[in-house]
Amino acid sequence: MKSCRWVTLLACMLFAMPSVHAAVVSIRIMQHDKASDSVWDSSLLFEQSVMDSFFESGDIVTNDPVSATKNGETDAEICRKSLGSATDDGIDFFISIAIEYDTADSSNPQGILLSHIQYVTWEGFSVADSRMITEGRLVPETVTTDNDNEDGIKSFAAKVGRLIRSELNRH
């Protein structure tokens, strides 16, 4: 009887092992705003919320510093360097996310407002072979007084994170 319990316990452990493996994901946020090349607090909040969504899925998450450019002219170079670092650091997936802002007409350009974000694009790579395995674009839902705040950005970022994560699950 005791040997049957041990066999059952061992079988359960063996079947559970594959689900225990956590992916190591590196995230790089690139902020585009024609009005400024300063990193906005909303980009930092977006980054943290995306990282949280991966962490909540059981992944180990790391990041590179948020970069800010006025027109995205250096994105490819930044992405290439980050992907190279990810290779050296034993990362499974590298995700590059660009946030497109429009704060030119805003009375509060540094405000943490969902209405400042026009859209977000991303590219996800398998670091082992530097192959792009996912890409996408998402526009925030209709902005209202209820979601034009930190919670709106957190919710939008979490949605982006879940979309990317679901694509990575296919690989």
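Note that these values count all heavy atoms, side chains included, but never hydrogens, waters or copies made by symmetry.
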Chemist: Mark yes or no for whether N147, through its side chain, and T144, through its backbone, hold a donor-acceptor pair below 3.5 Å.
Modeler: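 The answer is yes, because a donor-acceptor pair under 3.5 Å joins these two groups.
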Chemist: Between the side chains of R80 and E77, is the shortest nitrogen-to-carboxylate-oxygen separation below 4.0 Å, so that they form an ion pair?
Modeler: no
Chemist: Identify the two heavy atoms, one from R165 and one from A23, that lie closest to each other, and give their separation to 0.1 Å.
Modeler: NH2-CB, 3.9 Å
Chemist: I'd like to know whether L45 forms a side chain to side chain contact (heavy atoms under 4.5 Å, CB included) with K154, so could you lay out the CA-CA distance, the side-chain angles of the two residues, the decisive distance to 0.1 Å, and finally the verdict.
Modeler: CA-CA 7 Å; L45 178 63; K154 287 179 185 178; 3.6 Å; yes
Chemist: Do the side chain of D59 and the main chain of V61 share a donor and acceptor less than 3.5 angstrom apart?
Modeler: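 Absent.
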Chemist: Within the distance-only criterion (no hydrogens, no angle test), does the side chain of S155 pair as donor or acceptor with the backbone N or O of G152 below 3.5 angstrom?
Modeler: no
Chemist: Determine whether more than 12 heavy atoms belonging to other residues, nucleotides or ligands lie under 6.0 Å from atom CG of N108.
Modeler: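 For N108, atom CG is crowded (more than 12 foreign heavy atoms under 6.0 Å).
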Chemist: Can you confirm whether the side chains of R28 and S82 place a donor and an acceptor under 3.5 Å from each other?
Modeler: yes
Chemist: Indicate whether the side chain of S126 and that of D129 have a donor and an acceptor atom separated by less than 3.5 Å.
Modeler: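 Side chains of S126 and D129: pair found under 3.5 Å.
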Chemist: Would you check if the side chain of S85 reaches a backbone N or O of K81 as a donor-acceptor pair within less than 3.5 Å?
Modeler: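 Side chain of S85 to backbone of K81: a pair is present.
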Chemist: Considering non-hydrogen atoms only, spot the tightest contact between Y101 and S42 and give its length.
Modeler: OH-OG, 3.0 Å
Chemist: If you count heavy atoms of other groups shown closer than 6.0 angstrom to CD of Q110, is the number above 12?
Modeler: no
Chemist: So, the side chain of E47 versus the backbone of P65: is there a donor-acceptor pair under 3.5 Å, distance only?
Modeler: no
Chemist: Can you spot which of D102, T103, V143 makes a side-chain contact (heavy atoms from CB on, under 4.5 Å) with S115?
Modeler: V143
Chemist: Can you tell me how far the CG atom of D64 sits from the CZ atom of F94, to the nearest 0.5 Å?
Modeler: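 It comes to 6.0 Å.
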Chemist: Between the main-chain N or O of V25 and the side-chain N or O of D92, is there a donor-acceptor pair closer than 3.5 Å?
Modeler: no
Chemist: Any non-hydrogen side-chain atom of F93 less than 4.5 Å from a side-chain atom of T134?
Modeler: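 No. Closest side-chain heavy atoms not under 4.5 Å.
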Chemist: Within the side chain of D37, is there an N or O that forms a donor-acceptor pair under 3.5 Å with the backbone of A68?
Modeler: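 Such a contact is absent between D37 side chain and A68 backbone.
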Chemist: Which atom pair, heavy atoms only, marks the closest approach of V50 to G161?
Modeler: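 Heavy-atom minimum between the residues: CG1-CA, 4.3 Å.
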